[in-house]
Participant: 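After the structure tokens below, expect a handful of questions from me.
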Amino acid sequence: MLGSWDIKISKNMPEKVATAVGKLADTLIGAEYTPILYLGSQVVNGTNHAVLAEQLITTGKDTKNVVVIIFNEKGMDCTLVNIERVVLGGGELGGVAINTTTDIPEDVKAAFETAKEGFVGANVEPVALLGTQVTKGTDYIFAAKVTPVVKEPSVKVGLVIANDMTGKFSITDLLSSKQEVLCGYAFTWLK
């Protein structure tokens, strides 16, 4: 459907998009970007491409964030449209420690599966660990492929927060301009 995202989660991205990501350091002062995943494309006045990336703010106190970068490919050009911060990093007590990896450690996968127990309505597959936050227990923050359990599912890319102690599990749509909640919370006491 015109305007909807065609999700293609991958470590590889189209050549023009990879070139555009590489040029960000030359065009934007004060931040460096390291791609994590190519998320997909959308046909809108050309083709929009979404890339999940780690952002390192290099002015003053170095701070890491996770951002979604949107590029528009039209003809021979691929230009930056938007950079939206989706996870704000912070070194302070209770802040999010950004540690991005697509190789999710086994103990973190186990914490994800434990928090997901009792959750219904969608298949959720973590594809990258974005960071952690020590709260009551540990919040693990993931990018995940989310497939609703419906007749004709529309795959989404979710920002998932799973807590290893409380069992809270939430999913937010990474490619929605409104950052809508795809699913609420599932609590371990519902098991």
Participant: Quick check: closest heavy atoms across Pro126 and Ala144, and the distance to 0.1 Å?
Facilitator: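 Between these two residues, the closest heavy atoms are CA-CB, 3.9 Å.
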Participant: Would you confirm whether Asp164, through its side chain, and Gly137, through its main-chain N or O, come within 3.5 Å as a donor-acceptor pair?
Facilitator: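 Checked: no pair found.
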Participant: Sub-3.5 Å donor-acceptor pair from the side chain of Asn163 to the main-chain atoms of Lys136, do we have one?
Facilitator: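 Answer holds: yes.
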Participant: Return the NZ to NZ distance between Lys8 and Lys145, rounded to the nearest 0.5 Å.
Facilitator: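 Going from NZ on Lys8 over to NZ on Lys145, the span is 9.5 Å.
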Participant: Output the distance between atom CD1 (Ile98) and atom CG (Leu129), rounded to the nearest 0.5 Å.
Facilitator: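 So the CD1 of Ile98 and the CG of Leu129 are separated by 9.5 Å.
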Participant: Test of understanding: clusters of I, L, V, M, F, W, Y form through side-chain heavy atoms closer than 4.5 Å, transitively. Do Phe71 and Met13 belong to the same one?
Facilitator: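 Yes.
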Participant: Looking at every non-hydrogen atom in both residues, tell me the closest pair between Gly95 and Gln133 and how far apart they are.
Facilitator: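 Answer, listing the atom of Gly95 first, then Gln133: O-CG, 3.8 Å.
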Participant: Are Trp5 and Leu174 packed together at the side-chain level, in the sense that at least one heavy-atom pair is separated by less than 4.5 angstrom?
Facilitator: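 Heavy-atom side-chain distance check fails, nothing below 4.5 Å.
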Participant: Within the structure provided, determine whether Val124 and Phe169 are in side-chain contact (heavy-atom separation under 4.5 Å).
Facilitator: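 In contact.
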Participant: So, do Leu28 and Leu80 sit near enough that their side-chain heavy atoms are less than 4.5 Å apart?
Facilitator: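 Contact flag for Leu28/Leu80 side chains = yes.
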Participant: Is there a chain of hydrophobic side chains (I, L, V, M, F, W, Y, each step under 4.5 Å between heavy atoms) that links Val81 to Leu39?
Facilitator: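 Val81 clusters together with Leu39.
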Participant: Could you grab the distance from atom CD of Glu32 to atom CD1 of Ile29, nearest 0.5 Å is fine?
Facilitator: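 Output value for this atom pair is 12.5 Å.
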Participant: Are Val67 and Val160 linked, directly or through other ILVMFWY residues, by side chains that come within less than 4.5 angstrom of each other?
Facilitator: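 No, Val67 and Val160 fall in different hydrophobic clusters.
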Participant: Taking the side chain as everything from C-beta on, heavy atoms only, tell me whether Gln42 gets closer than 4.5 Å to Thr47.
Facilitator: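 No; the side chains remain at least 4.5 Å from each other.
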Participant: With the 4.5 Å side-chain cut-off for hydrophobic clustering, are Ile36 and Ile83 part of the same group?
Facilitator: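 No, separate clusters.
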Participant: Can you measure from CD (Glu125) to CZ (Phe112) and round to the nearest 0.5 angstrom?
Facilitator: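 CZ of Phe112 is found 9.0 Å from CD of Glu125.
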Participant: List the steps, then state whether side chain to side chain contact (heavy atoms under 4.5 Å, CB included) holds for Thr102 with Val127.
Facilitator: CA-CA 6 Å; Thr102 55; Val127 291; over 6 Å; no
Participant: Does any N or O in the side chain of Asn48 come within less than 3.5 Å of the main-chain N or O of Ile70, such that one atom is a donor and the other an acceptor?
Facilitator: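 Here the side-chain-to-backbone pair does not exist.
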Participant: Could you grab the distance from atom OG1 of Thr100 to atom CZ of Phe142, nearest 0.5 Å is fine?
Facilitator: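 Rounded to the nearest 0.5 Å, the OG1-CZ separation comes to 13.0 Å.
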Participant: Of all heavy-atom pairs between Pro35 and Val51, which one has the smallest distance, and what is that distance?
Facilitator: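 Looks like CB-CG1, 4.2 Å.
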Participant: Name the one of Val68, Leu159, Val86, Leu52 that satisfies side chain to side chain contact (heavy atoms under 4.5 Å, CB included) with Leu175?
Facilitator: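 Testing Leu175 for a side chain to side chain contact (heavy atoms under 4.5 Å, CB included) against Val68, Leu159, Val86, Leu52 leaves exactly one candidate, Val68.
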Participant: How are the rings of His49 and Tyr38 set relative to one another: parallel (under 30°), tilted (30 to 60°) or perpendicular (over 60°)?
Facilitator: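 Ring orientation, 0 to 90° scale: tilted.
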Participant: Rounded to the nearest 0.5 Å, what's the gap from CD on Glu15 to CD on Glu73? Could you check?
Facilitator: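 The CD atom of Glu73 is 10.0 Å from CD of Glu15, to the nearest 0.5 Å.
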Participant: Shared ILVMFWY cluster between Leu24 and Val17, side chains joined below 4.5 angstrom?
Facilitator: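 Yes, it is one cluster - the side chains of Leu24 and Val17 are joined through contacts under 4.5 Å.
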Participant: Please indicate whether Lys16 has more than 12 foreign heavy atoms, meaning atoms of other residues, nucleotides or ligands, lying under 6.0 Å from its NZ.
Facilitator: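 Buried by this count: over 12 neighbours within 6.0 Å.
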Participant: With a 4.5 Å heavy-atom cut-off, do Lys156 and Ser154 have their side chains touching?
Facilitator: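 The answer is yes, as the side chains (C-beta and beyond) meet within the 4.5 Å cut-off.
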Participant: Is it the case that the side chain of Asn65 and the backbone of Gly89 share a donor-acceptor pair, with hydrogens and angles ignored and the cut-off at 3.5 Å?
Facilitator: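 Yes.
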Participant: Side-chain contact test, heavy atoms from C-beta onward, threshold under 4.5 Å: evaluate it for Ile104 versus Tyr140 and give yes or no.
Facilitator: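 Result no, sub-4.5 Å side-chain heavy-atom pair not found.
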Participant: Between Thr135 and Thr166, is the side chain to side chain contact (heavy atoms under 4.5 Å, CB included) condition met? List the steps.
Facilitator: CA-CA 10 Å; Thr135 57; Thr166 65; over 6 Å; no
Participant: How close do Ile171 and Gly158 get, counting heavy atoms only, and between which atoms?
Facilitator: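 Looks like CG2-CA, 4.1 Å.
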